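These notes concern the structure reproduced below.
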Amino acid sequence: MALELIDLIAAPLADQFNRPINYLRISVTDKCNLRCVYCMPAEGLPWLPKSDVLSFEEIVQIVRAAARVDVRSIRLTGGEPLVRRDLWKLVEGIASVSGIEDIALSTNGMLLTDQIERLRDAGLTRINISLDTLREDRFFEIARRPGLDRVLAGIDATIAAELAPLKINCVVMRGHNEDEVADLARLTIDRPLFVRFIEVMPVAENVEMQAAGYISSDEILELAASAGELRSVSGPGGNGPARYFAFEGAAGAIGVISPLSHDYCDRCNRVRLTADGRLRLCLFGDQHIDLRTPLRAGASEEDLVALLQGSMAIKPERHHLKLGETSSRMRAFSEIGG
Ligand code: SAM
Ligand code: SF4
């Protein structure tokens, strides 16, 4: 009995820089129903063969091992996670894992209205929805597909389902949507939303627009402040790297995420599982370990725990990402599990 108990308690995950790692982002697919200019090529990616993609059961096995080393928060992302239409089954599986406290979803919102109730009932706790523009013509330019009305309906459905806090992610690009920052910020006045403006990050797919399209978060804040005076506020919690500000009396707040101008590596608490079962230690580095091969060869939960702990030795201290960098390591977000 005593031995079994000792067996169950594994040391919490921490890297060699003493950062506790308690947050696992899981890319459930590399596929997407949009083709955002900053993320993916117009023709899509060479999609993974279905047999390479982890099944929900395999993902839950990894989550179980992760929970043993103190991972408490999970985010499901992609690609577009809702293209796996039965995603609620995965949410249900993860919700049943002892120790998991928070199951969040990042989605483009296109398929949300149909799925939200099942996801919530299965145990989803929070949602982030991407919204880069309020104009249909712009939406088509940026996402290379129509669908703004569906995304807006997804936002309303999430508010109605009372899944809070609802965060809206907006990638700001000069020449594409910087003139809408104030309008997007105003959405927070009447609605309980946290609109987070993200500096565009350089990946191989957006090399051409990086230099011209990049706007720093300081300039984004100035654009937002044209809609009213902003004061610094504390954020809604969660694992985000955003700094938050609010208009006087607003129901929500805006945030800025600055991976380039104010990188947040010091506070990094996360690792990423790709759709094909690699554990990536840094979004912008190639350091990873393969979990799928041992998993399919019959690895036990203890084996997976040992692999997770061993992976900490290769988690880098920080990324050295610079604007205009065109390293081949910077593959499409979708491929690496944004
Ligand atoms: N498809 C979902 C979505 O769009 O929300 C989830 C995956 S997406 C890769 C996750 C987030 O990464 C989205 O908010 C998206 O806007 C953001 N993103 C993708 N490429 C980016 C880039 N090059 N720079 C900054 N953010 C990016
Ligand atoms: Fe798809 Fe999200 Fe990438 Fe847009 S940002 S192409 S919605 S994965």
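Keep in mind it's a predicted model, so treat the numbers as computed, not measured. Atoms within a ligand are numbered from 1 in the order they appear, just like the ligands themselves.
Ionic pairing of Asp179 and Arg138 is present here: one or more N-O contacts between side-chain nitrogen and carboxylate oxygen are shorter than 4.0 angstrom. Using a cut-off of 4.0 Å between Lys/Arg side-chain N and Asp/Glu carboxylate O, Arg292 and Asp290 are scored as not salt-bridged.
Set against the non-hydrogen atoms of Thr107, the atoms of ligand 1 under 4.0 Å away are 2 (C), 3 (C), 5 (O). Of all atoms in ligand 1, numbered sequentially from 1 with element shown, those under 4.0 Å from a heavy atom of Thr77 are 6 (C), 7 (C). For ligand 1, the atoms lying closer than 4.0 Å to a non-hydrogen atom of Asn169 are 14 (O). Close contacts of ligand 1 with Glu199, meaning ligand atoms under 4.0 Å from a residue heavy atom, involve 25 (C). Listed by number with element, the atoms of ligand 1 under 4.0 angstrom from any heavy atom of Glu80 are 1 (N), 2 (C). Residue Val171 has at least one heavy-atom neighbour below 4.0 Å for each of these atoms of ligand 1: 16 (O), 25 (C), 26 (N), 27 (C).
For Cys32, the heavy-atom gap to ligand 1 stays at 4.0 angstrom or more. Using a 4.0 Å cutoff on heavy atoms, Gly79 counts as a contact of ligand 1. A heavy-atom separation below 4.0 Å is found between Gly79 and ligand 2.
The shortest N or O to N or O distance between Asp132 and ligand 1 is not under 3.5 Å. Close N/O approach between Met201 and ligand 1 is found [any backbone or side-chain N/O within under 3.5 Å]. Between Ser130 and ligand 1, at least one pair of N/O atoms sits closer than 3.5 Å.
Judged purely by distance below 3.5 Å, without hydrogens or angles, the side chains of Arg75 and Tyr23 pair a donor atom with an acceptor atom. A donor-acceptor contact under 3.5 angstrom links the side chains of Ser258 and Ser217, judged on distance only.
Within the 2.8 Å limit, Cys36 places no N, O or S atom next to atom 3 (Fe) of ligand 2.
When every heavy atom of Leu307 is checked against every heavy atom of Ile289, the shortest pair comes out as O-CD1, 3.5 Å.
For the side chain to side chain contact (heavy atoms under 4.5 Å, CB included) test with Ile215, the passing option among Val171, Asn177, Val181, Ile220 is Ile220; the others fail.
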